[in-house]
Amino acid sequence: MSTHPPGNLPLLRRRVQDDWIDYNGHLSEAYYVLVFGFATDALMAAAGLGPSYRERSGCSLYTVEAHVRYLHEVARDTELTVRTTVLGVDGKKLRLLHEMFAGEPAGDPVATEELFTLHIDRTAGRAAPLPEATRAFLTGLVAPAPPWAGHGIREV
């Protein structure tokens, strides 16, 4: 069960599309990541890093590392909800996680994704400081990590 407090961000909601279903009759792994990507986009927009910021500044968040856990099968036409939590932020770095639920965000998630991102100046081709207002906004959202966060793939 998810025990950490929800962030102060709006929940992302998406319905599973027919073409997202794989040959086993469940949500294909690529589409879990697509929905998590939509949640990252929503966080970026809420933090002031949306399309107009990217156009104006030449900067954006780049994912440097991602860890996805596929915990339960998801059927066609399921309403998915993604809750995002900011785990940490500093000058150029952001660590966050997404939890995907079938329906409302209660009980166990069907999948999770933990991300490490960098704020990149695309023109310079290197990391750049986050805008102060963005860093302050994200810092205000920082919440404790759930017990599963920060662990890689376990040996068999």
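Counting from 1, the numbers follow the sequence of the chain as shown. As the structure is a prediction and not an experimental result, all values here were calculated from the model.
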* Asked: Can a salt bridge be assigned to the pair R83 and E104 using a cut-off of 4.0 Å between side-chain N and carboxylate O?
  ->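 Answer for the salt bridge query: no.
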* Asked: With sequence neighbours left out, what residues match A45 under side chain to side chain contact (heavy atoms under 4.5 Å, CB included)?
  ->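 For A45 there are no side chain to side chain contact (heavy atoms under 4.5 Å, CB included) partners, ignoring immediate neighbours.
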* Donor-acceptor contact below 3.5 Å, side chain S57 vs main chain C59 ->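 Side chain of S57 to backbone of C59, a donor-acceptor pair under 3.5 Å: yes, one is there.
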* Exam field: side chain T81 to backbone G103, donor-acceptor pair closer than 3.5 Å ->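 Side chain of T81 to backbone of G103: a pair is present.
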* ring-ring contact (aromatic ring centres under 6.0 Å, His included) contacts touching residues 58-87 (sequence neighbours left out) ->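 Those involving residues 58-87 are Y32-Y70.
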* Pairs involving residues 121-147, ordered by first then second residue, that meet ring-ring contact (aromatic ring centres under 6.0 Å, His included) (sequence neighbours left out) ->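 ring-ring contact (aromatic ring centres under 6.0 Å, His included) check on residues 121-147 returns no pairs.
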Under 3.5 Å, which donor-acceptor pairs do the side chains of residues 18-26 form with other protein atoms, sequence neighbours left out?
{"residue": "D18", "atom": "OD1", "partner": "R76", "partner atom": "NE", "Å": "3.0"}
{"residue": "D22", "atom": "OD1", "partner": "N24", "partner atom": "N", "Å": "2.8"}
{"residue": "D22", "atom": "OD1", "partner": "G25", "partner atom": "N", "Å": "3.2"}
{"residue": "D22", "atom": "OD1", "partner": "H26", "partner atom": "N", "Å": "3.2"}
{"residue": "H26", "atom": "ND1", "partner": "N24", "partner atom": "O", "Å": "3.2"}
{"residue": "H26", "atom": "NE2", "partner": "E73", "partner atom": "OE1", "Å": "3.0"}

* Criterion side chain to side chain contact (heavy atoms under 4.5 Å, CB included) on V74 and V110, from CA distance to verdict -> CA-CA 7 Å; V74 175; V110 297; 3.8 Å; yes
By side-chain hydrogen bond (donor to acceptor under 3.5 Å, both in side chains) - contacts of [X] (at least two apart):
X: E114; value: R95
X: E55; value: none
X: T40; value: H98
X: R15; value: E79

Nearest atoms (heavy-atom pairs only) where [X] meets [Y]:
X: L97; Y: P146; result: CD2-CD, 3.5 Å
X: A39; Y: L12; result: N-CD2, 3.6 Å
X: F36; Y: V68; result: CE1-CG1, 4.3 Å
X: T134; Y: A47; result: OG1-O, 2.8 Å

* Asked: side chain to side chain contact (heavy atoms under 4.5 Å, CB included) between L87 and L96: does it pass, once the steps are laid out?
  -> CA-CA 5 Å; L87 298 179; L96 63 123; 5.7 Å; no
* To do: Using the test salt bridge (Lys or Arg N to Asp or Glu O under 4.0 Å), find all partners of E29 that sit at least two apart in sequence or belong to another chain.
  =>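 E29 satisfies salt bridge (Lys or Arg N to Asp or Glu O under 4.0 Å) with no other residue.
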* **salt bridge (Lys or Arg N to Asp or Glu O under 4.0 Å) partners of K92, counting only residues at least two apart** =>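 Scan of K92 (salt bridge (Lys or Arg N to Asp or Glu O under 4.0 Å), adjacent residues dropped) gives none.
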Value rounded to 0.5 Å, distance of [atom1] in [X] from [atom2] in [Y]:
X: L43; Y: L141; atom1: CG; atom2: CG; answer: 7.5 Å
X: L71; Y: F101; atom1: CG; atom2: CZ; answer: 10.0 Å
X: M44; Y: L61; atom1: CE; atom2: CG; answer: 4.5 Å

Ignoring hydrogens and angles, write down the donor-acceptor pairs under 3.5 Å from the side chains of residues 116-132, residues two or more places apart or on other chains.
{"residue": "T117", "atom": "OG1", "partner": "L94", "partner atom": "O", "Å": "3.1"}
{"residue": "H119", "atom": "ND1", "partner": "A128", "partner atom": "O", "Å": "2.9"}
{"residue": "H119", "atom": "ND1", "partner": "P129", "partner atom": "O", "Å": "3.1"}
{"residue": "H119", "atom": "NE2", "partner": "Y53", "partner atom": "OH", "Å": "2.7"}
{"residue": "D121", "atom": "OD1", "partner": "T123", "partner atom": "N", "Å": "3.0"}
{"residue": "D121", "atom": "OD1", "partner": "A124", "partner atom": "N", "Å": "3.1"}
{"residue": "R122", "atom": "NE", "partner": "G58", "partner atom": "O", "Å": "3.2"}
{"residue": "R122", "atom": "NH2", "partner": "R54", "partner atom": "O", "Å": "3.1"}
{"residue": "E132", "atom": "OE1", "partner": "R135", "partner atom": "NH2", "Å": "2.7"}

* **Common cluster, V82/L115, ILVMFWY with side-chain heavy-atom separation under 4.5 Å** =>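 In one cluster with V82: L115, no.
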* Shared ILVMFWY cluster between M100 and L34, side chains joined below 4.5 angstrom? ->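 Result: yes, single cluster for both.
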* Sequence neighbours excluded - salt bridge (charged side-chain N to carboxylate O under 4.0 Å, His left out) pairs with any residue from residues 139-149 ->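 As it turns out, there is no salt bridge (charged side-chain N to carboxylate O under 4.0 Å, His left out) pair with a partner in residues 139-149 once direct neighbours are skipped.
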* Verdict with supporting geometry, L138 and V86, side chain to side chain contact (heavy atoms under 4.5 Å, CB included) -> CA-CA 7 Å; L138 293 169; V86 175; 4.2 Å; yes
